[in-house]
Amino acid sequence: MNPFSDPVSVSSYADRAPRIVPGLFDLHRMAGVLLGERAPADARILVLGAGGGLELKAFTHMRPTWLFDGVDPSAQMLELARTTIGQDGGRVRLHEGYIDSAPEGPFDGAVCFLTLHFLPSAERLQTLRQMFLRLKPGAPLVVAHHSFTDDDPARDKWLARTAAFTTASGVSVEQAEGNMAAIKERLPVLSPQQDVDLLREAGFIDIELFYCAFTFKGWVAYKP
């Protein structure tokens with residue numbers, strides 16, 4: 001079963017995610033800061049991969065006058081997002097689907113966390129291009145996901161470090177090692193340079209690394 005539709009996995013997501021992603025809540029706050037550098041007081045923000053609602057909860061608290069559109073292919077994860085967002089749900093519209101299901105905008109900023117590493121290179125580029133088309137000129141895109149070299153010794157070293165962080169956060173050794181094996185075998189992870197190249201090919205400029213946590217990397221980039 002897809003973990004994003006499995007009831008047990010969905011119900012445990014809010015507890016599990018910060019154990020796997022170093023500094024997850026700080027990542028959300030950093031993204032809010034980066035978006036706020038250019039977004040106006042009445043900004044409209046696109047969040048791709050919004051299931052679970054953790055980043056939307058952070059953003060609605062940080063920016064009480066912004067409006068949000070969240071997109072995710074999992075109906076179960078979107079239901080969890082509604083629960084997570086709670087009383088701020090009136091400022092959030094949720095859409096089931098992929099980037100093509102997102103409103104056309106134009107948006108004052110966009111975020112995509114822990115999502116792009118599921119997409120092969122060609123599909124990832126198409127997704128980035130569609131996000132680019134939905135942004136206003138000058139608007140930021142903030143992304144973060146697994147990104148590491150495909151060189152075997154270096155890859156295995158960083159995956160082992162991520163597994164060690166996960167176990168230090170309370171996840172069992174068996175589960176942590178299983179997660180890392182799945183990442184290695186199933187995810188079409190790109191190197192940091194390949195990720196930057198795709199952002200540039202999609203049309204973004206002024207690409208800056210702002211987050212680096214073992215196998216996870218995050219960038220902010222802008223539409224000209």
Closer than 3.5 angstrom, by distance alone: can the side chain of [X] be matched with the main-chain N or O of [Y] as a donor-acceptor pair?
{"X": "Ser191", "Y": "Phe148", "result": "no"}
{"X": "Arg82", "Y": "Gly89", "result": "no"}
{"X": "Lys223", "Y": "Pro137", "result": "no"}
{"X": "Thr65", "Y": "Ala41", "result": "yes"}
{"X": "Arg19", "Y": "Ser169", "result": "yes"}

Within a strict 4.5 Å, meaning less than it, do heavy atoms of the [X] and [Y] side chains meet?
{"X": "Phe107", "Y": "Asp69", "result": "yes"}
{"X": "Val92", "Y": "Thr60", "result": "yes"}
{"X": "His95", "Y": "Leu78", "result": "no"}
{"X": "Ile45", "Y": "Leu67", "result": "no"}

Basic-acidic side-chain contact under 4.0 Å: Asp108, Arg44:
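Salt bridge absent between Asp108 and Arg44.
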In terms of side-chain geometry, is the basic nitrogen of Asp151 or Arg155 positioned less than 4.0 Å from the acidic oxygen of its partner?
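Between Arg155 and Asp151 there is no salt bridge, as every charged N stays at least 4.0 Å from the carboxylate O atoms.
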Mind checking the [atom1]-[atom2] spacing from [X] to [Y]? Nearest 0.5 Å is all I need.
{"X": "Leu94", "Y": "Leu56", "atom1": "CG", "atom2": "CG", "answer": "6.5 Å"}
{"X": "Leu34", "Y": "Arg29", "atom1": "CG", "atom2": "CZ", "answer": "13.5 Å"}
{"X": "Phe118", "Y": "Arg186", "atom1": "CZ", "atom2": "CZ", "answer": "11.0 Å"}

For Leu133 and Glu104, what are the C-alpha separation, side-chain angles and deciding distance, and is it a side-chain contact (heavy atoms from CB on, under 4.5 Å)?
CA-CA 8 Å; Leu133 291 174; Glu104 293 184 0; over 6 Å; no
Enumerate the residue pairs fulfilling side chain to side chain donor-acceptor pair (under 3.5 Å) with a member in residues 111-127, sequence neighbours excluded, ordered by first and then second residue.
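Sorted pair list: Arg124-Asp195.
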Could you give me the CA-CA distance, side-chain angles and deciding distance for Leu48 and Val111, then say whether side-chain contact (heavy atoms from CB on, under 4.5 Å) is met?
CA-CA 6 Å; Leu48 183 65; Val111 175; over 6 Å; no
Taking the six-membered ring for Trp, are Phe68 and Trp66 parallel (under 30°), tilted (30 to 60°) or perpendicular (over 60°)?
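Judged by the thresholds at 30° and 60°, the geometry between Phe68 and Trp66 is tilted.
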With side-chain contact (heavy atoms from CB on, under 4.5 Å) as the criterion, how do Leu114 and Val21 come out once you've worked through the C-alpha distance, each side chain's angles and the decisive distance to 0.1 Å?
CA-CA 9 Å; Leu114 311 179; Val21 184; 3.9 Å; yes
Without hydrogens or angle criteria, can the side chains of Thr215 and Thr162 be said to hold a donor-acceptor pair below 3.5 Å?
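There is such a pair (donor and acceptor under 3.5 Å, judged by atom type) between the side chains of Thr215 and Thr162.
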Listing request: all ring pair (Phe, Tyr, Trp, His ring centres under 6.0 Å) pairs with a residue in residues 192-224, at least two apart in sequence or in separate chains.
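Non-adjacent pairs meeting ring pair (Phe, Tyr, Trp, His ring centres under 6.0 Å): Phe132-Phe204, His145-Trp219, His146-Phe216.
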Is it true that, when you exclude Lys217 itself, more than 12 heavy atoms of the residues, nucleotides or ligands shown sit nearer than 6.0 Å to its NZ?
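Above 12, so yes.
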Would Tyr98 and Val71 satisfy side-chain contact (heavy atoms from CB on, under 4.5 Å), going step by step from the backbone distance to the final call?
CA-CA 7 Å; Tyr98 299 90; Val71 183; 5.8 Å; no
